[in-house]
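Ligands are counted one by one from 1 in listed order, and the atoms in each one are counted from 1 as well.
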Amino acid sequence: MIAIIPSAGLGTRFLPFTKSVPKELVPIMGVPSIQYIIKEACSNDITSFCIVINKQKTALKQYLTIDNALNTELKKKNKLFLVEEINNIIEKCTIQFIDQYAPLGLGHAVLCARELSKYNEPFVCIMLPDELLFDDQHEPTLLKEMHELAQQHTASVIAVKEVPLSQTASYGIIKANSLPNTKNCFLVNQVIEKPNPLQAPSRLAIIGRYVLEKDIFDVLPTVSAGSGGEIQLTDGIAALIDKGKKVIAYQYAGNRFDVGSPQGWLDANIFINNKQKKS
Ligand code: G1P
């Protein structure tokens, strides 16, 4: 599978910092959040990426490109190990960038990647870089499990986790029934983008990992602007359901941090710091 990483957002929750630094480069214990995302994908055997950016994100492009001059200098000082992990990632992965020409929403960003993700695999993976997932011991294998489910059921699979009722207006929320003979799986019959707590059909929020049938690229052009006046990926998933397509929600049991917000960022730093102390 190829993973689309929509990274064209303005990072408004992290302004003024994001005025000049892309939010995907905000460091968590010194490592930019995008690096955790790509590492998670690699642990799930995904090494092809289409990163959707905008003209202001040149620093993100630069971070994901080998810097020969820097490598030479670091080598002289015996400090090449400082960039070893990111260099290895860049060398083993295929990373393509595409511009989202206007900030028209997450659904639109995914649609921008349509051409670049043309290949035979019937599913496309989408990873939102604001959401970092960490299991206590290992890298999360969530995407692999979602891909298996997608193949078994010929369905799209979205990852969900419960959030407090007071937070439903920040997320896509699902309405679903449990899926017989499965663990932690639901058959989704409705998805709503950012409902207020009174209208939320559940507390199960979409947490930024999607393995979708390629039909998503056919329905997204039919979706009109929704929450926030933007073309929403959630509305594209709703259109898949309306078309009679199967959508499964898989409840993630590990730790998740919304690092697009200062509080989530702080929590992620503390979690990683504790993890590093233990190892
Ligand atoms: C996006 C999605 C939303 C999802 C959330 C996860 O919202 O539209 O459905 O629950 O990511 O973080 P955003 O954070 O871009 O407003």
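Residue contacts with ligand 1 include Leu128, since one or more of its heavy atoms lies under 4.0 Å from the ligand. The shortest separation from a heavy atom of Thr234 to ligand 1 is under 4.0 Å, placing the residue in contact.
Of the N and O atoms on the side chains of Asn87 and Glu91, not one donor lies less than 3.5 Å from an acceptor on the other residue. Between the side chains of Gln199 and Asn196, at least one donor N or O sits under 3.5 Å from an acceptor N or O. Between the side chains of Thr234 and Glu193, at least one donor N or O lies within less than 3.5 Å of an accepting N or O.
Atom 8 (O) of ligand 1 has its closest protein heavy atom at Glu193 OE2, 2.6 Å. With respect to atom 4 (C) of ligand 1, the closest heavy atom belonging to the protein is Ile206 O, 3.5 Å. Looking from atom 7 (O) of ligand 1 to the surrounding protein, the closest heavy atom is Lys194 NZ, 3.3 Å.
Counting only distance, with no hydrogens or angles, the side chain of Ser7 and the backbone of Ile5 share a donor-acceptor pair below 3.5 Å.
Taking every heavy atom of Gly172 and a limit of under 4.0 angstrom, the matching atoms of ligand 1 come to 3 (C), 4 (C), 9 (O), 10 (O). Below 4.0 Å from some heavy atom of Gln232 lie the following atoms of ligand 1, by number and element: 8 (O). Shown in contact with Glu131 at under 4.0 Å from a heavy atom are these atoms of ligand 1, numbered in order with element: 6 (C), 12 (O).
The pair Arg13-Asp258 meets the salt-bridge criterion, since a charged nitrogen lies less than 4.0 angstrom from a carboxylate oxygen. By the 4.0 Å N-to-carboxylate-O rule, Asp218 lies close enough to Arg114 to be salt-bridged with it.
Counting non-hydrogen atoms of neighbouring residues, nucleotides and ligands closer than 6.0 angstrom, the NZ atom of Lys275 exceeds 12 such neighbours.
Protein heavy atoms are found less than 4.0 angstrom from atom 16 (O) of ligand 1.
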